[in-house]
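Here's the structure, in structure tokens; my notes come after.
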Amino acid sequence: MERPEGRQRSVPGIQLDTPVKFLKGVGERRADALARLGITTAGDLLYHIPHRYIDASSVTPVARARVGEDVACVGAVVTKAVTPTRRGLRIFSAVIRDASGVLECVWPGQPFLDRTIQPGQTLLVAGPIRFYHGRQMAPREYVVLAEADAESPLDAGRVLPVYPATEGLSHRVIRGLVDRHLDSLLAQVADTLPDEIRRAANVLPLADALHMVHRPASSGEAERGRQRLAFDELLDLQLTLGRARGIARRERVGGLRFELRKTFTSALRASLPFELTGDQRAAIGEIVADMASPHRMHRLLMGDVGTGKTVVALFAMLLALENDCQAALMAPTELLAEQHHATLTQLLEPVGLAPELLLGRLNAPAKGAARARLAAGSARLVVGTHALFQDDVSFQRLGLVVIDEQHRFGVEQRAALIAKGSAPDVLLLSATPIPRSLALTRFGDLDVSVLRERPPGRGRIRTGVRAPGQRRQVFEFVARACRDGGQAYVVLPVIEESEKADLRAATTMAERLRELWPDLEIGLVHGRLKPDERDGVMRRFRAGEVQVLVATTVIEVGIDVANATIMVIEHPERFGLAQLHQLRGRVGRGSAESYCILLTAGESADRLRAFAATEDGFRIAEMDLAERGLGDLIGTRQSGGFDVRFSRLPEDEGLLAIARIRSEAILESDPALIRSDNRALKARILARFPRAVEFFRTG
Ligand code: ADP
Ligand code: MG
């Protein structure tokens, strides 16, 4: 009533920072719901972009939806029902029809859908097709595209944007709001990206991009629009992280300056029982250059298991020793530390050095003696666990800290060890390869070296996907190999929600195998065991006293048994690809051929087959990235990371490369973005990544 007629469109004077509740069509309640989606201003609404598009080309005719596939279909609801099952569950079902035929859709446990889904509506459903008294879809997602009396937008030949929605605010209401205000909002858009960079990146002007994202004429247009938003986001991220790296480097001046004296390092090179790989030589070169510079080294050495990170780290440690400094190598478990200690003892024997070992479980006199040698400097190189950064440990002159499986330690733990020296160099090791560009994004202030090549002479790992029907064969294969003196892992997943049941599954598996194979020794390890119990079982496995190790993912790290050549993984579909790869790395440690067998009932078989086809950790990291999305890997808003909304990797690798080059050039001439021509860019960054303010505070 109060509203004057004739102003159906936006109120004049709407700015991008106007609170969204002042937009026509948004009342208090809708404003509250929008706030739940992070939309508080008119501009937020403009940047609330669709998470999918539907057009005739992206949906499968229902008759062509095959069992085992995951598809999206659109049809009119012809009938619906709520039926109880014998186990007290109520199932909502609806049959949809398109020009090709009909399809039954079922939602177990969701009888309340009876209130929203009505005959005559046009429904989009997306999900897996399974067989249950005929073909059925169990939709993961559904969208009411049109009410019973309305024309389906797809019939009108449109590309339909679908927006992320929330309780009390359907995607259709959001679509209506965006559509209603789009033109007046676009008129307010100012493009902050210098034209020259925009053309170099081959992306659209901002207003055009936003227009295409919300009202695309084709899905190709929608993608072009998204790319522009993604480029801005990547550029802002690179500028922020580049700035963070710059600050970190500046703070790292005054580090130790090592000289390549070629005493220990040359002796090691001469006595190594193998040739270094090209990647190892390159990484050593990068490390030596860092250590010889007045800057403090802060470098991540990334490489799959078995690529030979230890020997690279050893060269770095010997360089520190040549310069009368001490070096410490810290590992996350006692077992791993012992393994490193044994390896280094062997490699350093010809060099005339003996590494020290410091573990929590050593008895008090042994620990005391080791600590005394470290404090006096007679122990030059030490391998240890968390015991290394305890208060009672001090070094005479700690010049280099190496941290294996660096992600297993907290920031404070790493810092505690580093604080034992006076500005020591730091080398972090990681067996979780990620694409280099992402590494630079995620570990903003680190330099990165990569080992991709594997040393020769390793047996290959054959990976196979097997169905439950082949389970007997698989386990017979395992038993045969173990009776012939081999060893095997059987891995079961533990996911948090059902941890108890999962642990029971591992326990049951161990019991069953004990019954089945009384002649073999079966071990069981899982995360609920006390560390010393777990280490005990693993030690017996390493010693060959246990032939089959049933395990949850705790074996990911800390065990290297060359004789174990078989790994069976149950429910591999419940693991991420990167995690599967980590697990698989436990076999193939010796020269014999190894086997990794994925036992699955056919779920997500395609991704598992793609996984089986490659052993390249970086390739798998890319697949994993594509699966999980960039946001998940960089960290979310909640964790204080940088919220990435528009970009996707690996698709946007090209844009990322351009963003990196451009950001470096910008930061080179104006590191804090204080020049007037960069002011708008900086404002945009701070609006997008509030956390970036800590890096741009000073000049
Ligand atoms: P990572 O820690 O990267 O998983 P390691 O450092 O434990 O790998 O090395 C795995 C094995 O490969 C070790 O037995 C090591 O001695 C051996 N190795 C390392 N570099 C080479 C090389 N260039 N040629 C042959 N064997 C190598
Ligand atoms: Mg290692």
Side-chain angles (χ1 to χ4, degrees), residues 304-307 333 335-336 338-339 342-343 431 454-493 505-526 534-572 575 579-600 608 611-612 615:
D304 252 325
V305 281
T307 47
T333 66
L335 209 64
L336 203 54
E338 283 170 24
Q339 234 160 243
T343 310
R454 263 167 227 275
R458 282 310 172 91
R460 52 172 295 210
I461 306 175
R462 288 175 181 277
T463 304
V465 182
R466 296 287 179 273
Q470 294 159 289
R471 172 180 298 270
R472 256 187 86 142
Q473 258 174 296
V474 168
F475 279 90
E476 274 165 17
F477 173 71
V478 171
R480 225 169 21 245
C482 289
R483 289 185 180 120
D484 284 348
Q487 286 170 288
Y489 301 94
V490 177
V491 181
L492 292 97
T507 313
T508 313
M509 169 66 75
E511 281 165 5
R512 251 204 261 129
L513 293 181
R514 279 179 191 131
E515 276 169 32
L516 198 61
W517 303 328
D519 57 322
L520 295 175
E521 196 60 38
I522 316 289
L524 171 66
V525 291
H526 55 72
R534 199 163 73 202
D535 274 9
V537 179
M538 290 213 188
R539 280 206 180 81
R540 293 182 58 221
F541 186 65
R542 196 173 51 178
E545 295 159 23
V546 165
Q547 281 90 43
V548 182
L549 189 63
V550 178
T552 58
T553 42
V554 293
I555 58 150
E556 247 185 278
V557 71
I559 198 151
D560 184 0
V561 180
N563 190 47
T565 55
I566 303 177
M567 174 173 287
V568 178
I569 304 180
E570 296 266 7
H571 294 296
F575 292 100
Q579 201 183 9
L580 281 177
H581 184 63
Q582 286 279 306
L583 286 168
R584 178 169 61 177
R586 294 302 117 201
V587 294
R589 308 288 293 190
S591 55
E593 183 153 314
S594 291
Y595 301 88
C596 174
I597 305 164
L598 310 174
L599 265 180
T600 183
L608 294 177
F611 167 79
E615 268 189 66

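Counting heavy atoms from C-beta on, the side chains of V478 and V568 come closer than 4.5 Å. Inter-residue side-chain proximity for R542 and L335 is flagged as met; some heavy-atom pair is nearer than 4.5 Å. With contacts defined as side-chain heavy-atom distances shorter than 4.5 Å, the pair R512/R514 does not qualify. Residues I597 and I569 fail the side-chain proximity criterion, which asks for heavy atoms closer than 4.5 Å. At least one side-chain heavy atom of V490 sits under 4.5 Å from a side-chain heavy atom of M509. E521 is not listed as a side-chain neighbour of V548, based on a closest heavy-atom distance of 4.5 Å or more. With a 4.5 Å cut-off on side-chain heavy atoms, L492 and H571 do not count as touching. Residues R460 and E615 form a side-chain contact, since some pair of their non-hydrogen atoms from C-beta on lies under 4.5 Å apart.
With sequence neighbours left out, A564 forms a side chain to side chain contact (heavy atoms under 4.5 Å, CB included) with Q487, Y489, F541, V561. In terms of the side-chain hydrogen bond (donor to acceptor under 3.5 Å, both in side chains) criterion, residue partners of R483 (sequence neighbours excluded) are, by chain and number, D519. Every residue two or more places apart in sequence or in another chain was checked for a side-chain hydrogen bond (donor to acceptor under 3.5 Å, both in side chains) with D484, and none qualifies. Remark: T463 pairs with R584 by the side-chain hydrogen bond (donor to acceptor under 3.5 Å, both in side chains) rule, at least two apart or across chains. Residues passing the side-chain hydrogen bond (donor to acceptor under 3.5 Å, both in side chains) test with E511: none are found, sequence neighbours excluded.
Counting only residues at least two apart or on different chains, the salt bridge (charged side-chain N to carboxylate O under 4.0 Å, His left out) pairs with a member in residues 464-482 are R471-E570, R472-E476.
The aromatic rings of F477 and Y595 sit perpendicular, their planes meeting at an angle over 60°, well past the 30° parallel limit.
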